[in-house]
Amino acid sequence: MTDTDIFGKQVPILIRNVSLNGKIQEIYLDGTGMIGAVGEKITDHDAEFIIDGDGATALPGMINMHTHSPMGLLRGYADDMQLFEWLSTKIWPTEAHLTEDDIYWGAKLACLEMIRTGTTTFNDMYFKMESVGRAVDEAGIRACLSYCMIDGGDHAKFESEARIMESTVKNIRSLHNPRVMPGVSPHAVYTVSEEGLAWCAEYAKKEQIPLHVHLSETEQEVADCVAAHGMRPPAWLDHCGVLFEQCIAAHCCWLDAGDITLLAKRGVTAVHNPISNMKLAGNRALPYPEMKTAGVNVALGTDGASSNNALDMFSEMKTAAILQKFFWNDPTVMPAADALKIASQNGAKALGLNAGVIAPGRLADLILIGRNPLNVPFFSTDSNAVYATSGLAVSTTICDGVILMHDGVIPGAEEIMNKAGDVASDLVRRAAQA
Ligand SMILES: C[C@H]1O[C@@H](n2cnc3c(O)ncnc32)[C@H](O)[C@@H]1O
Ligand SMILES: [Zn+2]
């Protein structure tokens with residue numbers, strides 16, 4: 001089999017000469033999307049393709065647990081603003097002009113960027129998610145896709161949003177692709193009514209799918225929630241039934257001790273988005289030390305590419321680790337191993353995926369970081385991956401046992417970049433004319 005034949009096919013693959021947990025190992029992918037064996041010398045195999053890692057580092061694929069994939073179309077469109085002003089004056093007015101085609105090409109661009117930088121799964125919240133589903137299906141990456149409900153407290157709007165939510169779940173399921181999973185997303189406590197939050201919670205539980213929500217991102221959100229409902233946002237979500245084991249809450253910056261206890265008790269996953277929080281100057285970091293002590297499952301996400309402005313989980317891991325040390329004035333907080341775990345295993349746990357670890361019987365979602373100056377010398381895999389490596393150092397990305405990128409090559413990348421650039425310019429032009 002030649003190098004170009006290998007893309008997009010689920011066939012048995014042997015990866016030789018890779019550094020895994022500090023030892024040179026071989027990894028056999030069994031051709032069904034699973035890791036078949038890991039060992040120093042795998043002799044019993046029927047590999048159709050052999051990758052010589054040449055000493056590359058093997059890591060589990062990154063799991064980006066909070067993003068809005070089509071927002072790459074608005075990368076660099078509106079920067080250096082406060083969150084609510086950014087959303088209400090720039091982002092929402094432009095999003096009102098998004099077509100299915102825009103969303104499709106925005107999601108194609110996001111999948112391309114994530115594959116390029118070593119992400120194999122993402123948890124997405126946006127609109128027109130069938131178009132995102134088509135892009136994910138074609139890209140070969142794994143994703144949980146949720147329609148974002150915003151009803152603004154209007155009952156008629158809630159009813160129409162609920163119908164869109166139901167049809168989105170049905171349409172995502174009709175792709176019959178286990179890599180493309182449906183979820184449910186009420187946007188936040190400040191944009192969704194009590195009936196909207198309660199309906200989303202009940203619906204997610206009935207369908208047994210994840211619920212993805214923004215939570216306690218800013219101090220204002222907390223103050224407004226207390227003023228409106230006499231409760232802090234986690235207690236209000238709990239009152240509406242939203243806090244349960246499949247709840248994935250993005251940001252979780254402005255939490256007090258009671259909030260943390262509640263999230264731990266309900267088994268909620270909290271997603272740290274350090275770059276977006278720092279750029280939008282939320283003035284608070286997710287309280288990782290207390291959450292870790294309380295046993296909250298903490299995962300990692302980039303947020304959208306218009307507030308980050310990239311979807312590179314390697315930058316996110318480094319930022320998470322150094323922000324936590326800086327914010328808590330303690331260099332022992334979030335060691336490199338923790339940063340890697342929140343970027344892989346903990347996301348897999350939240351989505352109920354048998355991924356995030358390279359071991360036999362796990363999903364064959366993994367990446368290779370080829371030999372490059374950022375990986376020399378090699379005292380510690382975790383340290384180099386978190387503190388030195390950039391996502392652009394990822395050389396090979398494999399999802400579901402299928403090679404999506406090899407030696408930095410992703411088939412079709414040029415067309416996606418050209419088309420997404422054109423679509424973004426046209427979207428901004430239409431929005432400006434309105
Ligand atoms: C899905 C909707 O959420 C909007 N959004 C993007 N980033 C953020 C954020 O940091 N907080 C709240 N809402 C956000 C996005 O523009 C969509 O409208
Ligand atoms: Zn977000």
Side-chain angles (χ1 to χ4, degrees), residues 64-98 102-103 106-107 110 122-129 131-132 143-152 157 161 164-165 168 183-192 196-197 200 210-222 224-225 233 237 247-254 269-286 299-311 316 347 424 427-428 431:
N64 184 348
M65 284 300 291
H66 175 66
T67 191
H68 312 285
S69 63
M71 291 189 84
L73 296 179
L74 299 177
R75 189 195 326 260
Y77 167 67
D79 296 309
D80 313 324
M81 299 174 76
Q82 295 285 348
L83 172 70
F84 198 71
E85 189 198 354
W86 173 75
L87 281 173
S88 56
T89 68
K90 302 296 286 189
I91 300 298
W92 285 335
T94 311
E95 285 178 338
H97 296 271
L98 282 166
D102 297 335
I103 301 265
F122 66 103
N123 185 37
D124 210 28
M125 171 203 293
Y126 212 59
F127 313 109
K128 305 186 197 307
M129 297 307 283
S131 295
V132 179
C144 179
L145 307 179
S146 310
Y147 175 73
C148 177
M149 172 186 280
I150 297 180
D151 68 14
K157 178 81 175 155
E161 290 283 275
I164 298 173
M165 188 80 85
T168 304
V184 168
S185 278
H187 175 262
V189 296
Y190 56 92
T191 41
V192 185
L197 290 167
C200 285
L211 181 149
H212 181 187
V213 63
H214 291 103
L215 175 61
S216 297
E217 184 175 3
T218 62
E219 190 174 21
Q220 191 68 48
E221 173 183 337
V222 178
D224 290 349
C225 187
L237 287 185
C247 174
I248 299 162
H251 299 297
C252 296
C253 303
W254 290 85
T269 291
V271 186
H272 193 13
N273 299 270
I275 296 182
S276 173
N277 295 152
M278 289 168 77
K279 183 161 177 269
L280 292 164
N283 199 24
R284 208 32 108 80
L286 171 144
L300 189 68
T302 58
D303 213 344
S306 45
S307 61
N308 184 297
N309 292 11
L311 306 177
E316 208 68 39
L427 166 66
V428 169

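Numbering of ligands and ligand atoms starts at 1, following listing order.
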- prompt: Side chains of E221 and W254: does their closest heavy-atom pair fall under 4.5 Å?
  reply: no

- prompt: Any idea which atoms of ligand 1 are less than 4.0 Å away from a heavy-atom of H251?
  reply: 10 (O)

- request: Report yes if the side chains of M81 and T89 come closer than 4.5 Å at any heavy-atom pair, otherwise no.
  value: yes

message: Measuring from atom OG1 of T218 to atom CG of L280, what distance do you get when rounded to the nearest 0.5 angstrom?
response: 10.0 Å

statement: Note: ligand 1 atoms sitting under 4.0 Å from heavy atoms of L83 are 9 (C), 10 (O), 11 (N)

query: With backbone taken as N, CA, C and O and side chain as the heavy atoms from C-beta onward, which portion of F84 lies under 4.0 Å from ligand 1: side chain, backbone, both, or neither?
result: neither

- prompt: Passes side-chain contact (heavy atoms from CB on, under 4.5 Å), H214 versus M125? Steps please.
  reply: CA-CA 10 Å; H214 291 103; M125 171 203 293; 3.4 Å; yes

message: Nearest 0.5 angstrom please: H187 NE2 to F127 CZ, how far?
response: 7.0 Å

- line: The atoms of ligand 1 lying under 4.0 Å from a heavy atom of F127, numbered in the order shown, are 17 (C), 18 (O)

- prompt: Can you list the atoms of ligand 1 that are under 4.0 Å from a heavy atom of I91?
  reply: 16 (O)

field: Nitrogen or oxygen of H187 less than 3.5 angstrom from that of ligand 1
entry: yes

Partners passing salt bridge (charged side-chain N to carboxylate O under 4.0 Å, His left out) against D102 (at least two apart in sequence or in another chain): R430

message: Give me the nearest non-hydrogen protein atom to atom 8 (C) of ligand 1 as residue plus atom name, then the distance to 0.1 Å.
response: H214 NE2, 3.8 Å

message: How long is the straight-line distance from NE2 of H251 back to CG of N273, given to the nearest 0.5 Å?
response: 4.5 Å

field: Atoms in ligand 1 flagged as close to M125, the criterion being non-hydrogen separation under 4.0 Å
entry: 1 (C)

Interfacing atoms of ligand 1 (cut-off 4.0 Å, heavy-atom, W86): 7 (N)

query: Quick one: are C144 and H212 in side-chain contact, heavy atoms under 4.5 Å?
result: no

query: Atom CG of L215 and atom SG of C225: how far apart are they, to the nearest 0.5 Å?
result: 9.0 Å

- prompt: Given side chains that start at C-beta, do those of L237 and V189 come closer than 4.5 Å, heavy atoms only?
  reply: yes

- request: Looking only at protein heavy atoms, identify the closest one to atom 11 (N) of ligand 1 and say how far it is in Å.
  value: E217 OE1, 2.7 Å

Proximity to ligand 1 by part of Y190, non-hydrogen separation under 4.0 Å: side chain

- request: Report the nearest protein non-hydrogen atom to atom 16 (O) of ligand 1: residue, atom name, distance rounded to 0.1 Å.
  value: E95 OE2, 2.7 Å

query: Any side-chain heavy atom of D303 within less than 4.5 Å of one from V271?
result: no

message: Tell me the contacting part of D303 for ligand 1: side chain, backbone, both, or neither, using a 4.0 Å heavy-atom threshold, strictly below.
response: side chain

task: With heavy atoms of W92 as the reference, note each atom of ligand 1 found under 4.0 Å away.
output: 18 (O)

- prompt: Do L427 and T94 come within less than 4.5 Å of each other through their side chains, counting heavy atoms only?
  reply: yes

- prompt: Which of the numbered atoms in ligand 1 are below 4.0 angstrom from a heavy atom of L87?
  reply: 4 (C), 5 (N), 12 (C), 13 (N), 14 (C), 16 (O)

query: For the Zn ion (ligand 2), which protein N/O/S atoms are closer than 2.8 Å?
result: H66 NE2, H68 NE2, H214 NE2, D303 OD1

query: Got an N/O contact under 3.5 Å between Y126 and ligand 1?
result: no

- request: Working to the nearest 0.5 Å, report the span between CD of E316 and CG of N64.
  value: 7.5 Å

query: So do P70 and D124 actually touch side chain to side chain, heavy atoms under 4.5 Å?
result: yes

